[in-house]
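For ligands, and for the atoms within them, numbers begin at 1 and follow the listed sequence.
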Amino acid sequence: MSLIVMKFGGSSVGDAERMKRVAKRIVERKREGNRCVVVVSAMGDTTDDLIDMSKQIVEGTPPAREMDMLLTTGEQISIALLSMAIQQLGEKAVSYTGWQSGIYTEAEHGKARISDIQPHRVMEALDNDSIVVVAGFQGMTEEGQITTLGRGGSDTTAVAVAAAIKADLCEIYTDVDGVYSTDPRIVKQARKLPEISYDEMLELANLGAAVLHPRAVEYAKHNKVNLVVRSSFNYNEGTYVKEETVMEQGIVVSGIAYDKNIARISILGVPERTGQLAAVFTALAEVKLDVDVIVQSGVVNGMADFSFSLPADDVEKALNIIEGIRERIGFREVTSEVGLIKVSIVGAGMVSTPGVAAKMFDVISKLGISVNMVSTSEIKISCIIDGSRPHEVIQALHTAYGLDTEVQAFVGGPKDRR
Ligand code: ADP
Ligand code: ASP
Ligand code: MG
């Protein structure tokens, strides 16, 4: 008998019919002799709809605590309906919110990290032969405040619960049948990866591949959780995410990801003094702004230029902070540019293969697009470029690195938002 965690995303439970189909899938797993904990997201576009509703009430940024109170209702609807659907099929089921499941988080509304899980209620229900349905994406602080884990965070709930209850397997059911070499909605010839290493998956997730939440991968790596991504729409083999994988001959790049809505800020004419870079980035860090790629030009006549990238939503806030330290730094000018994207190639094989970066720059430049900024690690190269033709760039890179296949990628239904 195995103990498994099964996670279903929003599109898998988008309406009553889908909810019933998911319930059937869960009951099948139970009747195969497994003990099942299910983690579920809000139905379809519920989270987006709730965000829209808050915008109708509040101009600007809504209060973070109340936003978490609002958004967690989405998952609460799902757990209740899914438990009912399972009970209709003749199995015992019980729904628990994040806090009832003993999921404790840090006190950071909107992007809280899980700090501890005390799953005794979940274990008791399992011992009672019940299927346990846990709300994804939510937890509670030590002080009893309700928090959420960031968009896409139900994956993290699933992996964290799997680690806490020492599950044999954590299955992430979604609307594609595995992890592909790139988003199969963009490239129809994307290839499904039978397996991928935690490190490569972590890079892809961090660089924008929505199929797994980055923290879920971090958690899985750290706790050695057996993780598989598969479809809730069919029974195809999924993709196993694991420690070590067999590298396919000749494949240097395993995946391509992209992140839209990137901006660049440049601070020009910065008098060369020690501590200038530190002063700028400390000021930005103090207000929790996430700065990504940083480039500093050479010093000319005692003056340097800095540029950095950041999410486009944060530009205004960052510019205000920089204006606030203008006198202290003494720079000449600050400029910004929005509408950029970050496109990244990831592969454990690239560290020992020369020419990988050169090929990337060549492919992008042949499309008549210039590369604004570059960052690299042992297993990835990211370029920040103009964002007007993302699909063309991804398709061209996919072909150039030999990733196109003949087999049509599986995509289960449309996805209009997010
Ligand atoms: P869920 O609601 O099940 O959590 P998500 O929308 O969060 O689903 O994640 C699944 C989506 O991730 C797919 O529909 C696909 O468009 C996107 N995606 C992006 N990159 C990849 C990739 N490399 N492999 C598979 N899917 C990807
Ligand atoms: N419902 C949340 C979201 O839409 C969490 C999740 O789907 O994982 O982001
Ligand atoms: Mg998701």
Side-chain angles (χ1 to χ4, degrees), residues 6-14 18 22 39-52 67-68 70-79 98 110-112 134-139 147-160 171-188 190-194 196 200-217 229-233 236 238-239 241 253-260 343-347 390-391 394 398 403 409-418:
M6 308 171 76
K7 180 261 168 178
F8 294 88
S11 55
S12 299
V13 291
R18 287 188 177 187
V22 162
V39 172
V40 67
S41 297
M43 294 170 72
D45 288 335
T46 304
T47 309
D48 289 313
D49 294 342
L50 291 169
I51 293 172
D52 288 350
M67 210 51 204
D68 277 353
L70 178 67
L71 295 190
T72 49
T73 62
E75 271 66 15
Q76 209 167 321
I77 295 172
S78 295
I79 53 171
K111 50 178 172 187
V134 173
F137 177 57
Q138 54 178 247
T147 49
T148 59
L149 311 182
R151 295 306 304 270
S154 296
D155 297 335
T156 302
T157 305
V159 176
E171 301 177 321
I172 306 286
Y173 289 85
T174 183
D175 57 1
V176 289
D177 58 2
V179 178
Y180 280 76
S181 49
T182 193
D183 189 339
R185 290 178 192 278
I186 297 177
V187 176
K188 294 292 166 236
R191 65 164 69 197
K192 187 162 86 184
L193 310 172
I196 184 166
E200 287 173 300
M201 190 64 239
L202 188 56
E203 287 284 9
L204 282 177
N206 272 322
L207 294 167
V211 63
L212 280 178
H213 194 238
R215 282 197 200 140
V217 188
V229 177
R230 55 187 311 187
S231 170
S232 68
F233 294 79
N236 296 349
T239 299
V241 188
V253 171
S254 346
I256 302 175
Y258 89 106
D259 201 344
K260 40 187 186 179
V343 51
S344 309
I345 57 173
V346 172
H391 295 190
I394 291 161
H398 199 265
L403 295 172
F410 171 82
V411 175
K415 182 157 281 177
D416 352 295
R417 305 190 42 179
R418 252 212 273 169

Original post:
What do the steps show when you test Thr148 against Met67 for side chain to side chain contact (heavy atoms under 4.5 Å, CB included), and what is the final call?
Top reply: CA-CA 9 Å; Thr148 59; Met67 210 51 204; over 6 Å; no

**OP:** Determine, stepwise, if the pair Tyr180 / Thr239 fulfils side chain to side chain contact (heavy atoms under 4.5 Å, CB included).
**Re:** CA-CA 8 Å; Tyr180 280 76; Thr239 299; over 6 Å; no

**OP:** Run the contact test for His213 against ligand 2 with a 4.0 Å cut-off on heavy atoms, strictly below, and give the result.
**Re:** no

Subject >> Stepwise salt bridge (charged side-chain N to carboxylate O under 4.0 Å, His left out) test for Arg18 and Asp175 >> reply: CA-CA 12 Å; Arg18 287 188 177 187; Asp175 57 1; over 6 Å; no

Subject >> Sub-3.5 Å N/O-N/O distance, Asp175 and ligand 1 >> reply: yes

Original post:
Is it true that Gly10 lies under 4.0 Å from ligand 1, counting heavy atoms only?
Top reply: yes

Original post:
Between Leu207 and Ala257, what is the shortest heavy-atom contact and its length?
Top reply: O-CB, 3.7 Å

**OP:** For Ile172 and Leu212, work out which heavy atoms get closest and say how close.
**Re:** CG1-CD2, 3.9 Å

Subject >> Closest to atom 17 (C) of ligand 1 among Asp183, Asp155, Thr239, Ile196 (heavy-atom distance) >> reply: Asp183

Original post:
At a 4.0 Å threshold, what atoms of ligand 1 neighbour a non-hydrogen atom of Val179?
Top reply: 24 (N)

Subject >> Short N or O distance, Pro184 and ligand 1, threshold 3.5 Å exclusive >> reply: no

Subject >> Taking every non-hydrogen atom, the tightest pair across Val13 and Val22 >> reply: CG1-CG2, 4.0 Å

Subject >> Any Lys7 heavy atom less than 4.0 Å to ligand 1 >> reply: yes

Subject >> Close side-chain approach of Val253 and Val346, heavy atoms under 4.5 Å >> reply: no

**OP:** Could you tell me if any non-hydrogen atom of Gly136 lies under 4.0 Å from any atom of ligand 2?
**Re:** no

Original post:
Is any side-chain heavy atom of Lys192 less than 4.5 Å from a side-chain heavy atom of Val179?
Top reply: no

Subject >> Nearest atoms (heavy-atom pairs only) where Ser41 meets Gly9 >> reply: OG-CA, 3.7 Å

**OP:** Could you see which bit of Ser154 sits under 4.0 Å from ligand 2, with heavy atoms only: side chain, backbone, both or neither?
**Re:** both

Original post:
What are the atoms of ligand 2, with element, lying closer than 4.0 Å to any heavy atom of Gly152?
Top reply: 3 (C), 5 (C), 6 (C), 8 (O), 9 (O)

**OP:** Mark up the atoms of ligand 2 that fall under 4.0 Å of a heavy atom belonging to Arg151, in ascending order.
**Re:** 3 (C), 4 (O), 9 (O)

**OP:** Mark up the atoms of ligand 1 that fall under 4.0 Å of a heavy atom belonging to Tyr180, in ascending order.
**Re:** 22 (C), 23 (N), 24 (N), 25 (C)

**OP:** Give the single entry among Gly14, Gly152, Gly178, Ala42 that approaches atom 25 (C) of ligand 1 most closely by any heavy atom.
**Re:** Gly178

Original post:
ligand 1 versus Val211, non-hydrogen atoms closer than 4.0 Å: side chain, backbone, both, neither?
Top reply: both

Subject >> Proximity of Thr182 to ligand 1 by residue part, where a heavy atom lies under 4.0 Å >> reply: backbone

Original post:
Does any non-hydrogen side-chain atom of Leu149 lie less than 4.5 Å from one of Gln138?
Top reply: no

Subject >> Numbered atoms and elements of ligand 1 in range of Ala209, under 4.0 angstrom, heavy atoms >> reply: 20 (N)

Original post:
Gly153: heavy atom below 4.0 Å from ligand 2, yes or no?
Top reply: yes

Original post:
Can you find a side-chain donor-acceptor pair between Ser231 and Asn236 that sits under 3.5 Å?
Top reply: no

Original post:
Between Glu171 and Lys7, is the closest basic N to carboxylate O distance under 4.0 Å?
Top reply: no

Subject >> Ligand-side contact atoms (ligand 2) for residue partner Ser41, heavy atom cut-off under 4.0 Å >> reply: 6 (C), 7 (O), 8 (O)

**OP:** Would you check the N or O atoms of Lys7, main chain and side chain alike, for any that come under 3.5 Å of an N or O of ligand 2?
**Re:** no

